[in-house]
Amino acid sequence: MSDSPRYQSFAEFYPFYLSQHQNPTCRRLHYVGSLLTIAVLAWVVVTASWSYVFVLPFIGYGFAWVGHFFFEKNKPATFAYPWYSFVGDWVMLWQMLTNRIRK
């Protein structure tokens with residue numbers, strides 16, 4: 001992504017992020033991965049099963065990357081913008097849960 005713009009803020013980045021999630025199946029896989037991450041994190045905290053914390057990134061990113069590689073057919077923004085992309089996942093989930101974005 002060397003020829004793509006470098007975003008200076010999350011507000012600049014987020015429209016690009018959304019443009020990379022046009023496929024409904026890709027978005028839904030993001031939602032599933034994010035919700036499962038929350039559920040597993042809650043289970044880890046409640047049961048004090050701290051050794052399972054390591055699986056959290058695999059759950060969230062696993063679902064998301066399947067969505068990108070097989071349905072959206074693009075490269076995840078995480079590779080070029082890891083922090084903005086991480087925040088974007090949670091903003092997109094919140095907007096889905098509050099009906100501000102298509103499911």
Side-chain angles (χ1 to χ4, degrees):
M1 293 187 100
S2 60
D3 50 342
S4 67
R6 294 305 305 178
Y7 297 100
Q8 301 301 311
S9 69
F10 180 74
E12 284 181 19
F13 170 78
Y14 194 58
F16 166 74
Y17 176 87
L18 289 177
S19 77
Q20 301 300 295
H21 298 86
Q22 296 294 311
N23 182 283
T25 302
C26 179
R27 281 194 310 276
R28 289 177 186 133
L29 285 167
H30 273 69
Y31 303 149
V32 169
S34 295
L35 292 170
L36 280 174
T37 297
I38 292 169
V40 171
L41 178 60
W43 176 80
V44 164
V45 170
V46 167
T47 64
S49 301
W50 306 112
S51 61
Y52 289 95
V53 166
F54 79 94
V55 302
L56 295 174
F58 294 100
I59 295 169
Y61 287 116
F63 279 87
W65 290 357
V66 166
H68 283 285
F69 294 132
F70 295 102
F71 297 96
E72 196 73 55
K73 304 213 187 298
N74 63 13
K75 186 166 59 170
T78 302
F79 298 155
Y81 305 98
W83 177 247
Y84 285 160
S85 186
F86 176 78
V87 174
D89 289 341
W90 299 107
V91 171
M92 188 171 72
L93 175 66
W94 177 251
Q95 289 182 335
M96 183 276 296
L97 292 172
T98 58
N99 291 317
R100 293 184 58 213
I101 195 169
R102 292 188 323 258
K103 294 175 178 81

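Note that the structure is a prediction, hence the values are computed from the model and not measured.
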query = So which heavy atom on S85 is nearest to which on T78, and how close?
reply = OG-OG1, 3.0 Å
message = Looking at F69, I'd like to know if its CZ atom is crowded, meaning that more than 12 non-hydrogen atoms belonging to other residues, nucleotides or ligands lie closer than 6.0 Å.
response = yes
note = Which of K75, H21, K73 passes side chain to side chain donor-acceptor pair (under 3.5 Å) with H68? It is H21
message = Just verifying a value: how many Å separate L93 CG and I101 CD1, rounded to the nearest 0.5 Å?
response = 10.0 Å
Side chain to side chain contact (heavy atoms under 4.5 Å, CB included) partner of V91, chosen from Y17, Y84, Y14 = Y14
inquiry  = Given 3.5 Å as the limit, does a donor-acceptor pair link the side chain of E72 with the main chain of Q22, or not?
reply    = yes
request  = Could you state whether W94 and L41 fall into the same hydrophobic cluster, counting links through intermediate Ile, Leu, Val, Met, Phe, Trp or Tyr residues with side-chain heavy atoms under 4.5 angstrom apart?
outcome  = no
remark   = By side-chain contact (heavy atoms from CB on, under 4.5 Å), W83 pairs with (sequence neighbours left out) F86, V87
request  = Determine the minimum heavy-atom distance between P15 and A11, stating which atoms define it.
outcome  = CD-O, 3.2 Å
message = Ignoring hydrogens, what is the shortest heavy-atom contact between F10 and G88? Give both atom names and the distance.
response = CE1-N, 3.6 Å
message = Over 60° means perpendicular and under 30° means parallel, so tell me whether F54 and F58 are parallel, tilted or perpendicular.
response = perpendicular
query = Got a sec, which residues hit side-chain contact (heavy atoms from CB on, under 4.5 Å) with S51, two or more places apart in sequence or on another chain?
reply = none
request  = Could you tell me the separation between the OH atom of Y31 and the CG atom of L36, rounded to the nearest 0.5 Å?
outcome  = 15.0 Å
query = Does CH2 in W43 sit with more than 12 non-hydrogen atoms of other residues, nucleotides or ligands closer than 6.0 Å?
reply = yes
key: Nearest-0.5 Å distance that lies between atom NE2 in H30 and atom CD in Q20   = 10.0 Å
remark   = Those residues at least two apart in sequence (or on a different chain) that pass side-chain contact (heavy atoms from CB on, under 4.5 Å) with F70 are V66
ask   = When rounded to the nearest 0.5 angstrom, what is the spacing between OH in Y52 and CD1 in I59?
value = 11.5 Å
ask   = Below 4.5 Å, heavy atoms only, C-beta onward: do L35 and F63 meet side chain to side chain?
value = no
Hydrophobic cluster identity match, W50 and L56, side-chain contacts under 4.5 Å = yes
inquiry  = Please confirm whether the ring centroid of Y7 lies under 6.0 Å from the ring centroid of Y81.
reply    = yes
query = In terms of hydrophobic clustering (I, L, V, M, F, W, Y; side-chain heavy atoms under 4.5 Å; direct or indirect links), are V53 and V55 co-clustered?
reply = yes
message = Assigning hydrophobic clusters by single linkage (Ile, Leu, Val, Met, Phe, Trp, Tyr; side-chain heavy-atom cutoff under 4.5 Å), is W90 placed with W65?
response = yes
